[in-house]
Number of protein chains: 2
Amino acid sequence: MADINYLRHSERPDAALTEPALREAIELLFFAYRDFTGEPDALLARHRFGRAHHRVIYFVGRQPGITVSELLAILKITKQSLAPVLKVLVARGFVAQAMGAKDRRQRHLTLTEKGQALEERLYHIQSARIARAYRQADPAAIAGFRRVMRAITDDPQMGRGGR
Amino acid sequence: MADINYLRHSERPDAALTEPALREAIELLFFAYRDFTGEPDALLARHRFGRAHHRVIYFVGRQPGITVSELLAILKITKQSLAPVLKVLVARGFVAQAMGAKDRRQRHLTLTEKGQALEERLYHIQSARIARAYRQADPAAIAGFRRVMRAITDDPQMGRGGR
DNA sequence: TAATTTATGTCAGCCATGTTGACATATTGC
DNA sequence: GCAATATGTCAACATGGCTGACATAAATTA
């Protein structure tokens with residue numbers, strides 16, 4: 001049963017690659033993500049927004065002027081999924097659309113002041129949780145966290161931010 | 001704007017608590033979780049199961065004999081949300097229910113052989129991703145990852161496994 | 001014993017978030 | 001002029017959550 005995961009990096013057994021250790025990591029991802037998204041969800045609900053709106057607000061805030069297709073690529077969802085979310089954000093004045101100067105087919109998205117204000121509140125909630133965790137860890141632990149998280153991710157450059 | 005996050009742990013400025021560093025962490029969580037769940041989703045879809053079924057299979061597999069209310073507490077969802085998911089898992093022979101010996105109101109859940117087989121395949125997919133990441137990291141980095149992930153989580157003992 | 005609490009199940013209605021497929025429109029580039 | 005591109009839209013559907021209300025059986029408590 002899943003013995004393949006007991007394969008060694010070098011020749012000696014590696015405690016980090018045992019089934020219990022790997023199951024622990026699987027659970028850490030589940031619980032950390034669940035709790036990480038729980039708090040913002042409450043604020044979003046007060047605006048009748050969901051996690052999908054949060055993601056749009058976040059990435060438009062990070063990359064003002066991002067096009068619709070760039071946003072779709074980051075989120076890895078279909079345009080039909082994005083459409084109603086974006087529509088309500090524009091209709092309610094959180095996101096603004098501007099026609100491209102060079103390519104007039106494109107819609108460049110930016111946050112309005114109202115959108116920025118909400119983004120900041122959401123960022124504040126989530127960054128407080130991260131900051132609390134980082135304060136409990138030394139620099140080496142933080143570096144390890146970053147390294148492992150990047151390695152778990154398919155494309156470690158993550159969207160366009162390219163951090 | 002979110003200046004509170006610039007608060008220091010000691011007296012000197014801490015590079016880990018700057019806005020760029022905290023935004024990086026937020027994005028690491030988003031992308032790592034997205035990619036982590038992407039692969040199992042494809043296998044689950046072939047059974048017409050979703051992520052909710054995966055979670056039930058996972059935690060029943062981890063704690064055979066778990067009761068319905070214990071499962072609800074781990075997942076933090078309502079019984080009305082769990083009901084249809086559990087129903088189809090039982091109906092299609094992945095999960096078995098047994099009346100409690102001591103308390104006959106309780107339903108103790110276990111995986112059938114079929115359920116175990118699916119759980120193993122799902123575990124294999126996810127553990128392979130973790131193992132790949134862990135192999136790229138030294139023991140200190142892995143320890144740092146675990147420490148930060150626990151600190152991000154509300155209840156670091158995570159469910160009943162109590163790792 | 002009687003009353004209450006607990007564990008579970010179920011029904012109804014609602015909402016958010018995703019999907020595929022098909023088609024429309026405007027614009028760009030060859 | 002034509003094909004490709006960027007975006008938008010409609011329809012139908014599936015999943016996975018939620019609240020509220022109510023039902024049943026079993027355990028616990030008064």
Side-chain angles (χ1 to χ4, degrees), chain A residues 30 33-34 37-38 40-60 65-92 95-110, chain B residues 30 33-34 37-38 40-60 65-92 95-110:
Chain A
F30 171 68
Y33 193 76
R34 184 194 60 183
T37 52
D41 284 355
L43 169 58
L44 290 159
R46 293 213 287 278
H47 290 268
R48 292 189 197 161
F49 289 150
R51 221 170 272 178
H53 303 88
H54 186 180
R55 293 194 283 260
V56 170
I57 287 170
Y58 186 88
F59 287 108
V60 171
I66 190 174
T67 65
V68 172
S69 49
E70 286 167 344
L71 186 55
L72 290 174
I74 291 176
L75 300 176
K76 286 192 188 167
I77 59 173
T78 61
K79 62 178 175 176
Q80 295 95 323
S81 297
L82 177 60
V85 172
L86 192 51
K87 199 170 191 173
V88 73
L89 286 171
V90 170
R92 289 174 48 194
V95 169
Q97 289 174 317
M99 207 167 59
K102 239 179 49 183
D103 185 338
R104 300 195 303 168
R105 291 170 304 180
Q106 294 181 334
R107 297 291 175 273
H108 294 280
L109 307 173
T110 51
Chain B
F30 171 68
Y33 193 77
R34 184 195 60 182
T37 52
D41 284 355
L43 170 57
L44 290 159
R46 292 213 287 277
H47 290 268
R48 292 189 196 159
F49 289 151
R51 224 171 268 178
H53 304 87
H54 187 181
R55 294 194 283 260
V56 171
I57 288 170
Y58 186 87
F59 287 109
V60 171
I66 190 174
T67 64
V68 171
S69 50
E70 286 168 343
L71 186 55
L72 290 175
I74 290 177
L75 300 176
K76 287 192 187 166
I77 59 173
T78 61
K79 63 178 174 174
Q80 296 94 324
S81 297
L82 177 61
V85 172
L86 192 52
K87 199 170 190 173
V88 72
L89 286 171
V90 170
R92 288 174 49 194
V95 169
Q97 289 173 316
M99 207 168 59
K102 238 180 51 181
D103 186 338
R104 300 194 303 167
R105 292 171 304 180
Q106 296 180 334
R107 295 291 174 274
H108 295 280
L109 307 173
T110 51

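In what follows, every chain begins at residue 1, and chains take the letters A, B, ... in the order their sequences are listed. Just the heavy atoms: all of them, side chains too, but no hydrogens, waters or symmetry mates, feed the values below.
If you take CD1 of Ile77(A) and C1' of dA16(C), they are 12 Å apart, rounded to a whole angstrom. Rounded to whole Å, atom P of dG18(C) lies 9 Å from atom CG of Leu82(A).
The side chain of Gln97(B) places an N or O atom within less than 4.0 Å of a non-bridging phosphate oxygen (OP1 or OP2) of dG9(C). Taking 4.0 angstrom as the limit, Thr67(A) places none of its side-chain polar atoms (N or O) nearer than this to OP1 or OP2 of dA6(D).
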Q: Starting at the 5' end of nucleotides 19-30 of chain D, put B wherever the base has a protein heavy atom under 4.0 Å, S where only the sugar-phosphate does, and a dash everywhere else.
A: BBB----BS---
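Within 4.0 Å (heavy atoms only), His54(B) reaches no atom of the nucleic acid at all. Across all strands shown, His53(A) has heavy atoms under 4.0 Å from sugar-phosphate atoms exclusively, and none from any base.
Just one of Val56(A), Val90(A), Thr67(A), Leu71(A) meets the side-chain contact (heavy atoms from CB on, under 4.5 Å) condition when paired with Leu109(A); it is Leu71(A).
In this view, Lys79(A) satisfies the salt bridge (Lys or Arg N to Asp or Glu O under 4.0 Å) rule with no residue, not counting sequence neighbours.
Helix-axis bend for the helix from dT1(C)-dA30(D) to dC30(C)-dG1(D): the local axis fitted to the five terminal pairs at one end deviates from that at the other end by 20°, rounded to 10°.
Taking every heavy atom of both residues into account, Gly65(B) and His108(B) meet most closely at O-ND1, 2.7 Å. Here the shortest heavy-atom pairing between Ile57(A) and Leu89(A) reads CD1-CD2, 3.9 Å. In this structure, Leu75(A) and Arg55(A) approach most closely via the heavy-atom pair CD2-CB, 3.8 Å.
Taking every side-chain heavy atom of Arg107(A) into account, dT7(D) is the closest of dG9(C), dT10(C), dT7(D).
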Q: Go through the steps for Leu72(B) and Ile77(B) under the test side-chain contact (heavy atoms from CB on, under 4.5 Å), then give the verdict.
A: CA-CA 6 Å; Leu72(B) 290 175; Ile77(B) 59 173; 4.2 Å; yes
